[in-house]
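Heads up: the structure comes next, in structure tokens.
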Amino acid sequence: MATRTRFAPSPTGPLHIGGLRTALFCFLHAKNNKGDFILRIEDTDQKRFVPGAEEYILESLSWCGITPDEGPSFGGSFGPYRQSERSALYTPYVEQLLMNGYAYYAFDTSDELTTWRNSMQKQGSASPKYNASTRAYLKNSLSLSAQEVEERIQRGDEYVVRFKTPVAGEVRFYDEIRGWIVFQCHELDDKVLMKSDGLPTYHLANVVDDHLMEITDVIRGEEWLPSTPLHVQLYEAFGWIMPKFAHLPLILKPDGKGKLSKRDGDRLGFPVFPIDWYNPVNSSELIAGGYKERGFEAPAVINFLALLGWNPGSNQEIFSLENLVENFSLKRVNKSGAKFDYQKACWFNSEYLKNYTRQEKRNAIIEIFPIAKNRNENELELVFNLASERIHFKHEIKDTIAYLFEKPKVLEGKGVNKAWMKEKVAHLEDCMQRIQDADTDFSAPALENIVKEYIEEKSISFGQILPSLRLSLTGTLKGPSIFDIMSFLGLPECLDRVKLAKKNYKINTI
RNA sequence: GGCCCCUUCGUCUAUCGGCUAGGACGCCAGGUUUUCAUCCUGGAAAGAGGGGUUCGAUUCCCCUAGGGGCUACCA
């Protein structure tokens with residue numbers, strides 16, 4: 001049977017980076033097995049529905065290159081892929097459960113249950129369960145007479161349908177990542193399968209849909225582990241073949257304890273969402289920044305996320321999505337939660353920047369400096385390389401080497417103090433004259449030769465002349481090889497800048 | 001509290017009973033460089049604790065401790 005995995009987020013807000021990783025692992029597992037990856041929107045909770053969230057999920061996946069084979073807006077023969085559009089479909093299954101004694105009606109209202117739980121807690125039961133031990137004391141079709149049940153339903157009383165957990169025994173299942181896991185039935189809850197609004201809960205809907213959509217591997221976050229025994233029992237109650245289960249470790253806060261949350265991102269200053277998320281009612285209010293807008297390359301984010309919890313078993317760290325597909329295996333997914341390391345994410349990004357193709361490099365430079373389009377391709381590439389080895393993000397290119405395309409507005413004070421001294425400036429002018437007079441192709445090596453000859457002749461060091469040269473040309477004392485910069489600038493521009501610096505800055509006499 | 005999961009350098013991790021415990025990020029030092037960065041070389045840095053099993057445990061089992069998740073008519 002062909003592998004089919006699904007990513008089943010609920011549109012209650014922006015997709016969390018942890019959710020993105022779950023989607024990634026689902027995708028990788030499916031593709032590694034030449035199978036299909038399905039996107040299903042779990043919007044059975046009307047109260048928590050957030051407009052725009054589904055679009056956000058779609059955009060995020062699309063940015064990352066995780067393309068569903070089936071899903072809303074992708075089509076497929078197992079649709080619809082939004083649970084809200086499948087609501088009518090669940091009723092027969094609930095009835096089947098009811099008829100076969102695997103489920104029952106319960107009439108307790110939420111308020112009643114809350115007060116009941118409170119009173120139970122006062123009596124020392126830390127987390128009161130609605131199950132075989134308490135059912136008899138609550139209002140349900142197991143405790144009430146058949147007649148009363150009938151009357152309540154006829155009358156239009158609100159009710160839910162609960163799963164009838166066996167009194168005793170155990171539920172065991174094999175987790176592809178963790179191995180065998182066992183739960184005792186008496187520890188389990190009679191979970192609500194169908195809410196009083198007639199919609200199924202996640203538990204029922206995901207089992208029915210996974211079965212109907214022929215999902216073979218359920219890959220989801222570890223937070224679902226405690227409710228898996230219920231799902232297992234549901235499969236058994238329906239007599240359906242069970243999918244394989246794999247529960248992924250959680251992504252934890254970089255410091256302290258607990259799983260990574262939006263607040264951690266705000267607090268520590270890094271994004272926790274793939275792309276920007278704006279207030280659904282006031283679209284001009286940015287609520288949470290994204291990796292994309294922060295300047296991350298999607299493949300870098302994917303690469304980083306993949307290594308958070310999974311490893312190839314080798315020392316390789318850089319993986320394209322295709323590489324990941326080839327190498328991925330659930331067997332090599334870790335059991336323990338992984339703390340989020342933003343610095344490492346930045347490192348991945350810088351690696352991707354350096355590995356840009358020639359064309360990407362040229363495009364990036366032209367995008368940042370439109371004026372650069374007059375330059376030839378080799379020059380554009382050189383400019384990119386000059387900048388990229390001292391930054392982590394593409395958008396940092398602009399500030400690092402803006403002086404290649406426009407005269408520096410000011411020369412930094414620290415530099416002036418250090419390099420704008422009488423003797424040094426004299427050498428600078430002298431040397432510039434030498435360059436001007438020379439018959440040179442103005443290439444970096446040629447320029448370097450001229451300067452080298454000059455300093456040898458004058459018995460001075462590079463340090464006597466290069467800093468002031470750099471300062472007058474770029475306005476700063478740091479940056480790439482000054483000969484590359486000069487070569488790129490060209491003779492007239494170099495002369496112009498030196499002249500300008502001479503005119504605007506008083507010689508430092510100290 | 002109960003249930004379930006987890007536990008190797010600060011962080012992400014390798015190790016399928018034989019280890020001088022490897023790699024990466026970060027950090028530190030040195031080298032290259034006019035400078036910053038890159039790059040290269042080197043360094044500090046780990047098996048939670050206690051019991052077993054075994055000729056031999058980081059690796060298998062148990063206990064303790066610690067961490068995490070769940071404990072809704074949310075997913």
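Order of the sequence lines fixes the chain letters, A, B, ..., with proteins taken first and strands second; residue numbering starts at 1 for each chain. This is a predicted model, so every value here is computed, not measured. Just so you know, these numbers use all the heavy atoms, side chains as well, and skip hydrogens, waters and symmetry mates.
Distance CG (A:L193) to C1' (B:rC74): 15 Å, rounded to an integer number of Å. Rounded to whole angstrom, the span from the CZ atom of A:R6 across to the C1' atom of B:rA75 amounts to 11 Å. Taking atom CD of A:Q121 as the reference point, atom P of B:rU71 lies 14 Å away to the nearest angstrom. When the P atom of B:rU13 is taken as reference, atom CZ of A:F319 falls 14 Å away, rounded to whole Å. Between A:Q464 atom CD and B:rU35 atom P the separation is 13 Å, expressed in whole Å. Put simply, CG on A:L469 is 16 Å from C1' on B:rC36, counting in whole angstrom units. The CG atom of A:L188 sits 13 Å away from the P atom of B:rC3 (whole-angstrom rounding). Atom pair A:E176:CD and B:rC5:P shows a separation of 16 Å (rounding to whole Å applied).
To the nearest 0.5 Å, atoms SG (A:C494) and CD1 (A:I482) are separated by 8.0 Å. For the atom pair A:F384 CZ and A:I397 CD1, the distance stands at 4.5 Å (nearest 0.5 Å).
B:rU71 and B:rA44 have their P atoms separated by 47 Å, given to the nearest Å. For the C1' atoms, the distance linking B:rA72 with B:rG10 amounts to 38 Å, nearest Å. When the C1' atom is used for both B:rA21 and B:rC36, the distance is 37 Å, rounded to whole Å. Rounded to whole Å, the separation between the P atoms of B:rC16 and B:rG51 comes to 26 Å. For the C1' atoms, the distance linking B:rG69 with B:rC61 amounts to 25 Å, nearest Å. Comparing the P positions of B:rC3 and B:rU15 gives a spacing of 32 Å, expressed to the nearest Å. The gap from the C1' atom of B:rU54 to that of B:rC60 amounts to 10 Å, rounded to the nearest Å. Taking the P atoms as reference points, B:rA75 lies 14 Å from B:rC70, given to the whole Å.
Using a 4.0 Å heavy-atom cutoff across all strands shown, A:V192 reaches sugar-phosphate atoms only and no base atom. Base engagement by A:T109 is indicated by at least one non-hydrogen atom pair under 4.0 Å involving a base atom. A:S110 comes within contact range of at least one nucleobase, with a heavy-atom separation under 4.0 Å. Nucleic acid contact for A:G258: sugar-phosphate only, since backbone atoms but no base atoms lie under 4.0 Å from a heavy atom of the residue.
At a cut-off of 3.5 Å, with distance as the only test, no side-chain donor of A:R178 or A:H247 sits close to an acceptor on the other residue. Judged purely by distance below 3.5 Å, without hydrogens or angles, the side chains of A:S487 and A:D484 never pair a donor atom with an acceptor atom.
The side chain of A:K259 lies closest to B:rC70 when the candidates are B:rG1, B:rA72, B:rC70. Closest contact between the side chain of A:D45 and the listed nucleotides B:rC74, B:rC73, B:rU38 involves B:rC74. Of the candidate nucleotides B:rA75, B:rC6, B:rU38, B:rC6 has the atom lying nearest to any side-chain atom of A:R178.
In this structure, B:rG26 makes no Watson-Crick or G-U wobble pair, since no nucleotide meets both defining distances under 3.5 angstrom. Remark: B:rA14 base-pairs with no nucleotide; criterion is Watson-Crick or G-U wobble with both hydrogen-bond distances under 3.5 Å. Pairing for B:rA46 is absent, with no Watson-Crick or G-U wobble pair whose two atom distances lie under 3.5 Å. Base-pair partner of B:rU53: not found among the strands shown (Watson-Crick or G-U wobble, both distances under 3.5 Å). Shown here, B:rC36 forms no base pair; nothing in the strands shown gives a Watson-Crick or G-U wobble contact with both key distances under 3.5 Å. Nucleotide B:rG66 forms a pair with B:rC6, judged by Watson-Crick or G-U wobble geometry with both contacts under 3.5 Å.
Closest-nucleotide positions on RNA chain B for A:K47 and A:R21 were compared, and the one nearer the 5' end corresponds to A:R21. Residue whose closest nucleotide on RNA chain B sits further toward the 5' end, between A:E158 and A:R332: A:R332.
A:K331 and A:E176 are joined by a salt bridge, as a carboxylate oxygen and a charged side-chain nitrogen come within less than 4.0 angstrom of each other. Between A:E54 and A:R82 there is a salt bridge, with a side-chain nitrogen of the basic residue lying less than 4.0 Å from a carboxylate oxygen of the acidic one. Using a 4.0 Å cut-off between charged nitrogen and carboxylate oxygen, A:K244 and A:D175 do not count as a salt-bridge pair. Under 4.0 Å is where a charged nitrogen must lie from a carboxylate oxygen, and between A:D190 and A:K164 no such pair does.
Residue A:N315 has no polar side-chain atom (N or O) positioned under 4.0 Å from OP1 or OP2 of B:rA24. Between A:T44 and B:rA75, a side-chain N or O to OP1/OP2 separation shorter than 4.0 Å is present. Between A:R220 and B:rC70 there is no side-chain N or O to OP1 or OP2 distance below 4.0 Å. OP1 or OP2 of B:rA75 lies within a sub-4.0 Å distance of a side-chain N or O belonging to A:K195.
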Sort me out a list of protein N/O and nucleotides 31-34 of chain B N/O pairs below 3.5 Å, or just none if empty.
{"from": "B:rU34", "atom 1": "N3", "to": "A:R470", "atom 2": "NH2", "distance (Å)": "2.9"}
{"from": "B:rU34", "atom 1": "O4", "to": "A:R470", "atom 2": "NH2", "distance (Å)": "2.8"}
{"from": "B:rU34", "atom 1": "O4", "to": "A:I482", "atom 2": "N", "distance (Å)": "2.7"}

Is there any protein nitrogen or oxygen under 3.5 Å from a nitrogen or oxygen in nucleotides 7-12 of chain B, and what are the pairs?
{"from": "B:rC12", "atom 1": "OP1", "to": "A:K339", "atom 2": "N", "distance (Å)": "2.9"}
{"from": "B:rC12", "atom 1": "O2'", "to": "A:L307", "atom 2": "O", "distance (Å)": "3.0"}

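For A:K452, the NZ atom sits in a loose shell: 12 or fewer heavy atoms of surrounding residues, nucleotides or ligands are nearer than 6.0 Å. The number of heavy atoms from other shown groups lying within 6.0 Å of CD (A:E423) does not exceed 12.
The side-chain hydrogen bond (donor to acceptor under 3.5 Å, both in side chains) test with A:N140 is passed by exactly one of A:Y130, A:Y159, A:Y104: A:Y130.
Within the cation-pi definition used here (under 6.0 Å to the ring centroid, within 45° of the axis), A:R434 does not qualify as a partner of A:Y454.
One can find a donor-acceptor pair under 3.5 Å joining the base of B:rG1 and the side-chain atoms of A:S127. For B:rC74, the base has a donor-acceptor partner in the side chain of A:R48 [N/O atoms by modelled type, under 3.5 angstrom].
The shortest heavy-atom contact between A:I302 and A:L24 is O-CD2, 3.7 Å.
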